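In what follows, a single structure is set out as structure tokens and then discussed.
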Amino acid sequence: KKNAGISIDTDSVFDIQVKRIHAYKRQLLNVFKIMDLYNRIKENPDLDILPYTFIFAGKAAQGYAFAKEVVQLINAVASLVNSDPLVSQKIKLVFVENFCVSNAQLIYPAADISEQISTAGKEASGTGNMKFMMNGAITLGTLDGANVEILMQVGKENMEIFGLTSEETSRFAMYGGYNAKETAEADPRLKRICSQLVDGTLVDEAGQALGFWGIHDNLLRHGDEYFVLKDFDAYVKAFENLDRIYRDEARWGAMSLTNI
């Protein structure tokens, strides 16, 4: 509230992704999930979903145009969601500026869901996911990086794994067989979201339409190298499963304690 001017429901589920902004870390996949939720709530105001606060933070390298466009997209979607009188009753989206140790010390303990959704086979064994789990967050992630070690420690019943394996992504990269445009065309949710990137749905602070053509073309014209569209359905199903589990307070508490 003090830094971003956004009031959130402190009883909502805090779904958090904080890390360097990079195509393979797939902040974009998370944004697409939120855009889909926005669309579903607009169509069905009585959608049975827990209240969520989606929190992003992280920095993009100075010359990394795609990453900077993703940051702009997150903020444009935040503006769309938070200014909608209907949708903002159910979900909020916040990009925390200037991610650093002092705000990380507040963000990690606040998390209920830890987003560790990088393309399988691309992530080094970083420590962000460990900081989340030792503070009791449940990992929603791919079988990649240190998620593999976490799985070995806590078991698959205490985290939520989804998506392509590193073997599958390597096979597609080497031999082909994945058509991103066909994948988007075949899923009405993805088709709509990809259109919304460029059709004027998203606007800047002055109300001028924004066109996220760099992201749009990266996915649909340049092959979706990091399988955002390919993993979308599995990701949404995994998120919805966590939504169901969270309603069982004893089970969620047991999962959280096991992670700690």
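As the structure is a prediction and not an experimental result, all values here were calculated from the model.
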[X]-[Y] side chain donor-acceptor pair, cut-off 3.5 Å:
X    : Y    : result
N3   : E97  : no
T119 : T169 : no
K19  : Q27  : no
N147 : N129 : yes
N30  : Q17  : yes

Distance in Å, [X] [atom1] paired with [Y] [atom2], rounded so as to fall on 0.5 Å steps:
X    : Y    : atom1 : atom2 : value
D9   : K92  : CG    : NZ    : 8.5 Å
K131 : S114 : NZ    : OG    : 11.5 Å
Y246 : L50  : OH    : CG    : 7.5 Å
S88  : I8   : OG    : CD1   : 13.0 Å
M255 : M133 : CE    : CE    : 11.5 Å
T183 : E185 : OG1   : CD    : 10.0 Å

Could you tell me whether the side chain of [Y] reaches within less than 4.5 Å of the side chain of [X], counting heavy atoms only?
X    : Y    : answer
F56  : V31  : yes
L210 : Q72  : yes
L220 : C194 : yes
F132 : Q116 : yes
I16  : I113 : no
I34  : F32  : no
L73  : L28  : yes
I91  : V81  : yes

Do [Y] and [X] meet the salt-bridge criterion of a basic N to acidic O distance under 4.0 Å?
X    : Y    : result
R40  : E240 : yes
D224 : K181 : no
K33  : E115 : yes
R244 : D248 : no
K25  : D144 : no

Do you know which two heavy atoms are closest between [X] and [Y], and how far apart they sit?
X    : Y    : answer
A104 : P109 : O-CD, 4.0 Å
G200 : A209 : CA-CB, 3.9 Å
T201 : D199 : OG1-OD1, 2.6 Å
L202 : M35  : CD1-CE, 4.5 Å
V148 : L143 : CG2-C, 4.0 Å
G136 : S256 : O-OG, 2.7 Å

Checking [X] side chain against [Y] main chain: does a donor-acceptor pair fall under 3.5 Å?
X    : Y    : answer
S170 : S166 : yes
N82  : L93  : yes
R26  : Y226 : yes
N158 : N259 : no
D204 : Q208 : yes
E123 : S118 : no

Single-linkage hydrophobic cluster [X]~[Y], side-chain heavy atoms < 4.5 angstrom:
X    : Y    : answer
L140 : I74  : yes
F14  : V96  : yes
I260 : V13  : no
I21  : I215 : yes
Y38  : I55  : no

Trace of the side-chain contact (heavy atoms from CB on, under 4.5 Å) decision for D243 with I49:
CA-CA 7 Å; D243 182 82; I49 183 171; 4.0 Å; yes
Once the angle between the rings of [X] and [Y] is folded into 0 to 90°, is it parallel (under 30°), tilted (30 to 60°) or perpendicular (over 60°)?
X    : Y    : result
F54  : Y52  : parallel
Y235 : F162 : tilted
Y178 : F227 : tilted

Can you establish whether the number of heavy atoms outside E149 located under 6.0 Å from its atom CD is more than 12?
yes
Does atom CD (Q153) have a neighbourhood of more than 12 heavy atoms from anything else shown, all under 6.0 Å?
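No, not enclosed.
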Verdict with reasoning, L47 to N44, per side-chain contact (heavy atoms from CB on, under 4.5 Å)
CA-CA 5 Å; L47 184 71; N44 176 19; 4.0 Å; yes
Result for side chain to side chain donor-acceptor pair (under 3.5 Å) between R189 and one of D233, N39, D36 points to D233
For this output row, return yes or no: ring centroids of H22 and Y64 closer than 6.0 angstrom.
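So the answer is yes for these two rings.
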Verdict with supporting geometry, T53 and D15, side-chain contact (heavy atoms from CB on, under 4.5 Å)
CA-CA 6 Å; T53 301; D15 179 317; over 6 Å; no
Is there a side-chain contact (heavy atoms from CB on, under 4.5 Å) between F212 and H216? Walk through the geometry before answering.
CA-CA 6 Å; F212 292 91; H216 179 277; 5.9 Å; no
